[in-house]
Amino acid sequence: PYPSGEPHIGHLKVYSVGDAIAHFHRRTGRRVLHPMGYDAFGLPAENHAIKSGQHPRESTDLAIREFQRQFRAWGISIDWSREFGTHEPRYYHWTQWIFLQLFNAGLAYRKEAAVKWCPKDQTVLANEQVINGHCERCGSEVEARQLEQWFFRITDYADRLLDDLDRIHWPEYVKTMQRNWIGRSEGAEVTFRCEELGIDYPVFTTRPDTLFGATFFVMAPEHPDVLRLAHGTPHEDEVRHYVDHAITESTEERGDTEKPKTGVFLGRHVTNPVNGARLPMYVADYVLMEYGTGAIMAVPGHDERDFAFAKTYNLPIKRVVGGHDELPYVGDGPIVHSHPEFDGLHNRDAVHKIVEWIDRQGKGHASVNYRLRDWLVSRQRYWGCPIPIVHCDRCGLVPVPEHELPVVLPDITDYAPQGRSPLAAADEWVRVRCPECGAEGRRETDTMDTFVDSSWYFLRYCDATNDDAAWDPAVLRRWMPVDQYIGGVEHAILHLMYARFFTKALTDLGHLDVQEPFERLFTQGMITKDGAKMSKSKGNVVSPQAIVDRYGADTARAYILFIGPPDQDADWSDEGVEGVYKFLGRLWRLCAVTADAIGQDPEPLPGEGLQGDDLALARKAAWAIDRVTDAMAGRFAFNSAIARVMELYNDCSRLRANVAPDTLRFALATAASLLFPFAPHTAADAYHLLTGRRVWEEPWPFPDQSLLERETYELVCQVNGKVRDRVQAATGASEDELVALCLAAPNVQAHVDGKEVVKRVVVPGKLVNLVAR
RNA sequence: GCCCGGGUGGUGGAACGGUAGACACGGGGCCCUCAAAAGGCCCUGUCCGAAAGGGCGUGCGGGUUCGAAUCCCGCCCCGGGCACCA
C-alpha cells in the first residue's frame, strides 16, 4: 500500500482475499510467501506531508505504523521478517543499482522532448500518468513543455510486452487495456517529396492500399517544418496565426472529436510517390505530432477525418476501394482507379503488394508504429529516490560507482515543489567530484517516479534482507514468478506494465530468469456505500477500524468475502455485517457448548457404520469439504464457500440432539476448519476447543469418498422437460429401472396418461425426462 | 463509434446445458421473557386454488436442444476501458 493516511475498506478487502488464499494454500502443503511493504515515496505521501506540515519522512513513518497496527489487528498472516518501505536506503540502494544497470545497457537515457507538465504538482509526468489530459494524481490539466528529462526505453519492449500477454493468466480486460496502450499498428512508411524545397516527408499509414486515393497532405501544427514551408508564400501570416492558436489550445479542446476540422494551406505541394500526383500541403490540428511522423497523407475517400476536412475545404475526394457504401468508405473491397497492377485485387491482398512495389522503388517500406512512448522517469520533486548520476562538464553523465551507493536522499527543510527539484538547493549535497575525472561535478537533482520503486519490490520480497545485492538469483529462481497477484484495476497500465518491463529488462541483463512477473492476476472490485464510491466529501466512508472495533476482525473479513464475488463491485450493508457477526457467534457457541459437554478429541474423525442422522450429518460435512475446496481451488468463490460452511453449521444445529457426540464434534470441527481462511481467530479457537489442536497446523481436510457416495438419491422425474415428481432411486440402477421408477411416479402418470411416450432421456444420478405426445 | 464486463425475488447473490432462487439480509408469524435485548422455531418469487396441484417467471425478440439463466443470432439498458493514433 501507499502509506498515506490510514487503511481504508479497500485494503481490508485485498488482504482478506489474499490471506484466505495464503491460508488455503499453506494447508494444502505449499510454501507460501505472503509479504508486506510500503510504497512510501512519491506524490501521495509528499502531498500529505505538505498539507499536514510535517516532513514527508515523519508523516510516512507515522502512516506506516498505523498500517502495521491495523494489519496486525486484522490478523493477516504476513511474513513480517520481509517487511520494508521503498523509502528506506536499504531498499532504494538497489533501486539505484537497477537504474545504473539500465543506464549502462542504454535503457535509461536523457533527452530533450515535449513532455507533460503538471502545474499543480510542479513536475513532469509519464504519459501513463496523464488521464484524458489531466494529472493522474491531482486532476489538474497538464501542459506541454520542452524539457530535458530521463527516460526508460520501454518502447524497445513493445512487441514482447504485447506478445507475452498471451502467456499469462490475467483478466482479459486488463490485457486489452495493455494492448490498447501499446497500440501496435502495422502499415508502411511512405516518402512524399516537396519539390519546391527539396525535402522528403515520410508519413506512416496503416492503409497503403489507399495510397492512390491521397488528394492532399497534412502536417501537425507542432511539426518543426511548418513555418519554414509557409515562409515566403502568401499564406505565411495565416499559417503562423493558426499554429500559434493551435499550440495554446488545451488537450481537451484539441482532442474533441466533434470539433469541426480546421486547417490552413501552406502554399506548398508534395508529390505522391505512387502516381506523381501533386498534393497541396496543409497544417491542421487533427494531426498529432506525437504519433507517426507528425504528417499524414490524406485519403478523404476512405478516412472519415480526411473526408470531413476535404468537405470543409473543397478538396477532391477519390474512391480507390470498391463497395456499395457511400464515401467515406472504410471497409474492404476491390482496388479501383489505382494502377493496372493492383486494380481488381482485394484491398487486403493489395496492401502487401503495394508495399513491396514502393519498397522496390525506394519510396517506402513496411513499418510498425506504437502508441507506447518511452517512460519518463525523472520528477522535480523532493520525496523520491535520488537518481545516481553525476553531471560533469568534461565527462557528461557519469554513473555513481556501485560501491558508493546508496546516494542518500538528504534531509532538507524546504521541500515544497517549485518547478525544479528542491534538491537543487541542497548545495553541499549537489556539489561532488566527478567519479571519472575528479573535477567538480553536480549530482542529478531530479528524483525517480514512484512507479520505479514499485516496479521491482516483488523481487526484493524474495530476498528482503540481502545486504550484499538486490537479490540472490538462486533465491529468485525458487520463488519467481509471483503465482498470484491481487490488486485493483487502477494499476492496469501503470504499475502492471512497468513491472513487466523491469522483469524483462532484468532478465535480459542476466539478473533474473523470468519473462513475466505475475503469472496470475486477480483484480478485486470496489466496495461502495449506497451505490457510490466512498469519499470523505460524500461522508459515506466506512472505516475498517470502526468495524473491527465493533465486531472484531473476523466479522469484518468474513463479511467482505461473503458480500459477493470479490472481482465485482459490492455495496456495503450494515445489516449484512450484523448477519455474519451472528453466524460466527452461533458457530463458536455451539462448538463451545459441545466441547464442554463431550470433551475434546484430537482425532475428530467419523466412526464406522454410521446410520440415520449421524450418517446424514457426516455426509453433509464431507459434502461441505468437497464444495469449499472446489470454491477455493482455482476459483475465488469465497461467498459460496462461506455459504457452504453456513449450511453445514445449520445441519449441526438442527441435528445436534439426534447424533452421537463424535459425529457432532466431527461436523463442527470440519466447519471450523473450513471457515479458518475467512475468519481465522474464531475458527482456530473453535477448532481448538473441540480437538485441542491448532487448525493452521492441520492439513486442509479431504472428504471421505465413501461419505460422498450414497446408496440412493432423489431422481427428478420430468415430462416434456418439466419437473413433475421426485422419487428415491438406487445409485447403481440401470436406465430401464430409472425409466420404470419415473413412469410409476403418481404425478408423472397424471401427465403421460392418454399420451404416447416417444422418447426417454436418462441422466443417471440426476433425472429422467419423458417426451410424451 | 470500437472493445470488455454485467442485467436472476423486496435486497446482496447461488446454480459442470439437467430440480431456478442455495446461503444471507430484509419482512411476517410464533416460542422464551414481567418486558426488552440476545437466542430459538416456522413462513417468505408471482398468479390461480381450500388443498392436491397448476400457470407464469433469470432485461427484450428469435433460434438450437428431450431440456436454456447458461449455447447461437438480433436488440435494449447499466458499468468500465479506448478514441482525431492516420
Side-chain angles (χ1 to χ4, degrees), chain A residues 131-132 171-181 183-185 187 203-207 210 214 218 220 254-259 261 284-288 290-299 302-306 308-309 330 369-372 489 492-493 525-526 531 559 562-565 567-580 582-583 585-586 589 627 630-631 637 639-650 653-654 714-726 746-747 750-751 757-763 765-772:
Chain A
I131 316 291
N132 293 328
E172 209 46 53
Y173 78 107
V174 175
K175 294 191 192 182
T176 305
M177 284 169 75
Q178 293 215 349
R179 287 188 189 109
N180 287 343
W181 187 259
R184 183 186 153 103
S185 298
V203 300
F204 175 73
T205 177
T206 54
R207 294 293 305 274
T210 64
V218 193
R254 174 109 182 241
D256 183 2
T257 51
E258 303 300 306
K259 198 180 73 167
K261 298 278 175 287
D285 65 2
Y286 79 93
V287 174
L288 309 173
E290 59 265 29
Y291 189 79
T293 62
I296 62 156
M297 66 163 190
V299 184
H302 304 283
D303 181 282
E304 285 170 14
R305 298 152 301 179
D306 297 344
F309 191 87
V330 296
N369 240 280
Y370 301 89
R371 214 178 78 108
L372 183 71
V489 220
I493 43 181
M526 209 175 28
Y559 170 64
F562 185 61
I563 193 170
D567 55 332
Q568 284 175 28
D569 290 350
D571 203 57
W572 183 271
S573 146
D574 291 331
E575 292 82 13
V577 185
E578 200 81 38
V580 170
K582 288 178 182 174
F583 164 67
R586 280 197 297 270
R589 279 194 302 276
R627 299 321 306 151
D630 180 65
N639 54 333
S640 293
I642 293 169
R644 298 294 89 86
V645 180
M646 286 174 169
E647 283 190 72
L648 174 55
Y649 163 79
N650 288 344
S653 171
R654 189 166 53 84
E714 192 173 67
L715 180 74
V716 170
C717 306
Q718 296 183 333
V719 178
N720 294 333
K722 287 187 190 275
V723 180
R724 294 304 179 187
D725 221 329
R726 298 174 173 88
N747 202 41
H751 280 91
V757 176
V758 295
K759 184 166 184 172
R760 297 138 226 264
V761 180
V762 182
V763 185
K766 277 264 160 61
L767 57 80
V768 172
N769 185 20
L770 303 175
V771 184

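Keep in mind the model is a prediction, meaning the values are calculated, not measured. Below, read A as the first sequence line, B as the second, and so on, with proteins coming before strands; counting in each chain starts at 1.
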Of the candidate nucleotides [options], which contains the atom at the shortest distance from the side chain of [X]?
X       : options                : value
S640(A) : A14(B), C66(B), U19(B) : A14(B)
R371(A) : A86(B), C82(B), G18(B) : C82(B)
V761(A) : C16(B), C66(B), G40(B) : C66(B)

Secondary-structure string, 5' to 3', Watson-Crick or G-U under 3.5 Å, | for another-strand partners, for RNA chain B: (((((((..(((.....[....)))((((((.......))))))((((....))))..(((((..]....))))))))))))....
V299(A) to D306(A) - nearest heavy-atom pair and separation: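 Heavy atoms of V299(A) and D306(A) come nearest at N-OD2, 2.8 Å.
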Shortest non-hydrogen contact from M177(A) toward I493(A):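 Closest approach of M177(A) to I493(A), heavy atoms only: O-CG2, 3.6 Å.
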Basic-acidic side-chain contact under 4.0 Å: K259(A), D285(A):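 Salt bridge present between K259(A) and D285(A).
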Pairing of R179(A) and E172(A) as salt bridge, 4.0 angstrom limit: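 So R179(A) pairs with E172(A) through a salt bridge.
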OP1 or OP2 of A20(B) under 4.0 Å from side-chain N/O of K722(A):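 No, outside the criterion.
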Short side-chain N/O contact to A14(B) OP1/OP2 from R644(A), under 4.0 Å: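 So the side chain of R644(A) is outside the cut-off, no N or O lying under 4.0 Å from OP1 or OP2 of A14(B).
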Anti versus syn assignment for G9(B), with syn defined as within 90° of 0: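 Classified syn.
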Would you mind classifying the nucleic acid contact of [X] as base, sugar-phosphate or nothing, using non-hydrogen atoms under 4.0 angstrom?
X       : answer
N747(A) : sugar-phosphate
K582(A) : sugar-phosphate
I296(A) : base
T206(A) : sugar-phosphate

Polar pair under 3.5 Å, donor/acceptor by atom type, side chain N769(A), base C66(B):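 Per atom types, the contact qualifies.
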Crowding at CD, E578(A) (>12 non-hydrogen neighbours, <6.0 Å):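 Atom CD in E578(A) is crowded, with more than 12 foreign heavy atoms closer than 6.0 Å.
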Mutual orientation of the aromatic rings belonging to F204(A) and Y291(A) [parallel < 30°, tilted 30-60°, perpendicular > 60°]: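 Because their plane-to-plane angle is over 60°, the rings of F204(A) and Y291(A) count as perpendicular.
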